[in-house]
2 protein chains.
Amino acid sequence: MDISSEYLAHEILDVVPIIMRTIRREMRSHRGPDLSVPQYRAMNFIRNHPGASLSGVADHVGLTLPSTSKLVDGLVGRGLVIRQESELDRRRVDLKLTQQGDSILVAAYQHTQACLARMLTGLSPGDREEVIAAMGVLRPVFSPVTEEAAPGEEHE
Amino acid sequence: MDISSEYLAHEILDVVPIIMRTIRREMRSHRGPDLSVPQYRAMNFIRNHPGASLSGVADHVGLTLPSTSKLVDGLVGRGLVIRQESELDRRRVDLKLTQQGDSILVAAYQHTQACLARMLTGLSPGDREEVIAAMGVLRPVFSPVTEEAAPGEEHE
DNA sequence: TATTGTTATACTCTATAACTATA
DNA sequence: TATAGTTATAGAGTATAACAATA
């Protein structure tokens, strides 16, 4: 009764997207209607990399520099991000979240966690241990080596 | 040593998006560069609901009817989808994948499954059982009641 | 000369409004 | 009159090209 890697992959491909759909829906419901997905992703990156450059954000969200510049314009205009000239290299801009920007991300995360927790209330102690164990097994398999995890990682 | 629902939710929120990032990246790499995300999602829906109406696709991908009409135009123009007038109600259009459209989705799925399987080769028999068990626990928790699962479900 | 970022312009995507055809 | 879908027009978002400022 060996379990093949192919069957494992099949099960993961079956279940993970289903879970992700709930995560996305709940994140989205608290993102506010006026915040696009790329803007939300940019804010998450800035949250995990305070003082990030515009190029860093552009790389992460996968947009060109001009597009990212305009995207950040919108976030600055709404008071969610601070853009200030770097001290060391005056070509660069340092990006940080405002407290309001941070609050939006934290609230979205907490809302989603609470929603998932409610859905999981029916699980037995044995089921819970199984899930925790599996997450512990899968985390190192899929963790990118270059990046640290953080509360506001990718959800879109 | 009870495991709280909140902690469970936290672990899932930590690991599932990390796995999803790999799934998305691999799916995308075989989607072909000329197929947008909404088009890809529309094709998956049509694959799982052969003969679907335009309205059904629009509901699923979350676009308006006019936008979906144009989106399907592109898929029909590239020979990936067949659009034909319904026999029963001549206002409706029945949508189906062409064999080529189907092949693209199948290839993307198989490529992704193979990639994940390679990443999972290092897991011990015990780890594998743990993961399979956890997927079995989580599937009914997050499965939508109205929809059946299928090979080409959501990946974007 | 190379790098960081912005401005100018064009194109794609999506939405709202108006319309056609069928029920 | 209501419903399924298309066509017309307008507004976001994104890309490429050209530019300004700094290293």
Side-chain angles (χ1 to χ4, degrees), chain A residues 24-25 28 31-46 49-97 101 154 156, chain B residues 24 28 31-46 49-78 80-97 101 154 156:
Chain A
R24 268 204 299 269
R25 186 187 61 232
R28 193 170 296 156
R31 185 176 67 207
D34 51 349
L35 207 56
S36 74
V37 170
Q39 284 176 326
Y40 182 80
R41 296 193 65 207
M43 287 177 66
N44 265 311
F45 180 79
I46 294 169
H49 303 80
S53 68
L54 194 68
S55 303
V57 175
D59 281 348
H60 181 76
V61 303
L63 295 180
T64 61
L65 221 39
S67 299
T68 308
S69 184
K70 278 185 65 176
L71 181 152
V72 170
D73 279 348
L75 295 176
V76 171
R78 266 180 283 172
L80 305 178
V81 166
I82 295 170
R83 169 166 50 184
Q84 62 188 171
E85 195 174 69
S86 168
E87 301 286 333
L88 304 168
D89 181 343
R90 282 168 48 207
R91 293 171 304 182
R92 296 192 45 184
V93 293
D94 288 348
L95 300 170
K96 290 183 304 187
L97 292 190
E154 290 310 294
E156 209 61 48
Chain B
R24 268 204 299 269
R28 192 170 298 155
R31 187 176 67 208
D34 51 348
L35 206 57
S36 75
V37 171
Q39 283 175 327
Y40 183 78
R41 297 192 64 207
M43 286 177 66
N44 265 311
F45 180 79
I46 294 169
H49 303 79
S53 69
L54 194 68
S55 303
V57 175
D59 280 350
H60 181 76
V61 303
L63 295 179
T64 60
L65 221 38
S67 299
T68 308
S69 183
K70 279 187 66 175
L71 180 152
V72 170
D73 278 349
L75 296 176
V76 171
R78 267 182 281 170
L80 305 178
V81 166
I82 295 169
R83 170 167 50 185
Q84 61 188 171
E85 194 175 70
S86 169
E87 300 287 333
L88 304 169
D89 180 343
R90 281 168 50 207
R91 294 172 303 181
R92 294 192 48 185
V93 292
D94 288 348
L95 300 170
K96 291 183 303 187
L97 293 190
E154 290 310 294
E156 209 60 48

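The figures that follow rest on heavy atoms only: side chains count, while hydrogens, waters and symmetry mates do not. Everything numeric here is computed off the predicted structure, so don't read it as measured data. In what follows, chains carry the letters A, B, and so on, assigned in the order in which the sequence lines appear, proteins first and then strands, with residues in each chain numbered from 1.
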Evaluate B:Ile82 against B:Leu97 for side chain to side chain contact (heavy atoms under 4.5 Å, CB included), listing each step before the verdict.
CA-CA 6 Å; B:Ile82 295 169; B:Leu97 293 190; over 6 Å; no
Short side-chain N/O contact from B:Thr64 to OP1 or OP2 of C:dT14, under 4.0 Å:
no
Which is the 5'-most and which the 3'-most nucleotide of DNA chain D that has an atom under 4.0 Å from a heavy atom of chain A?
D:dT14 to D:dA23
Of the non-hydrogen atoms in B:Ala52 and B:Val57, which two are nearest, and what is the gap between them?
CB-CG2, 4.4 Å
What distance separates B:Leu63 CG from B:His60 NE2, expressed to the nearest 0.5 Å?
11.0 Å
Which is true for B:Leu63 with a 4.0 Å heavy-atom rule: it touches a base, it touches only sugar-phosphate, or it touches nothing?
sugar-phosphate
Find the distance between CG (B:Leu80) and CD1 (B:Ile46) and round it off to the nearest 0.5 Å.
10.0 Å
Identify the two heavy atoms, one from A:Pro38 and one from A:Val61, that lie closest to each other, and give their separation to 0.1 Å.
O-CG1, 4.0 Å
Excluding sequence neighbours, so at least two apart, what forms side-chain contact (heavy atoms from CB on, under 4.5 Å) with A:Arg25?
A:Thr22
Of A:Gln39 and B:Gly56, whose closest DNA chain D nucleotide lies nearer the 5' terminus?
B:Gly56
Under the salt bridge (Lys or Arg N to Asp or Glu O under 4.0 Å) test, residues paired with A:Asp59 that sit two or more places apart:
none
B:Leu54 near the nucleic acid: base, sugar-phosphate alone, or nothing, with a heavy-atom cut-off under 4.0 Å?
sugar-phosphate
Kindly compute the distance separating CG (A:Leu95) from OG (A:Ser53), expressed to the nearest 0.5 Å.
7.5 Å
To the nearest 0.5 Å, atom CG of B:Leu65 lies from atom CG of B:Leu54 at 5.0 Å
Would you jot down, in residue-number order, the residues of residues 66-77 of chain B having a non-hydrogen atom under 4.0 Å from DNA chain D?
B:Pro66, B:Ser69
For residues 67-77 of chain A, dump all side-chain donor-acceptor pairs below 3.5 Å to protein atoms at least two apart in sequence or in another chain.
residue, atom, partner, partner atom, Å
A:Ser67, OG, A:Thr64, OG1, 3.0
A:Thr68, OG1, A:Thr64, O, 2.7
A:Asp73, OD1, A:Arg83, NH1, 3.2
A:Asp73, OD1, A:Arg83, NH2, 2.6

I want to confirm an ordering. Mapping B:Ser53 and A:Gly62 to their closest nucleotides on DNA chain D, which one lands closer to the 5' end?
B:Ser53
Enumerate the residues from residues 78-92 of chain A whose closest heavy atom to DNA chain D is under 4.0 Å, giving them by residue number; use none for an empty result.
A:Leu88, A:Asp89, A:Arg90, A:Arg91
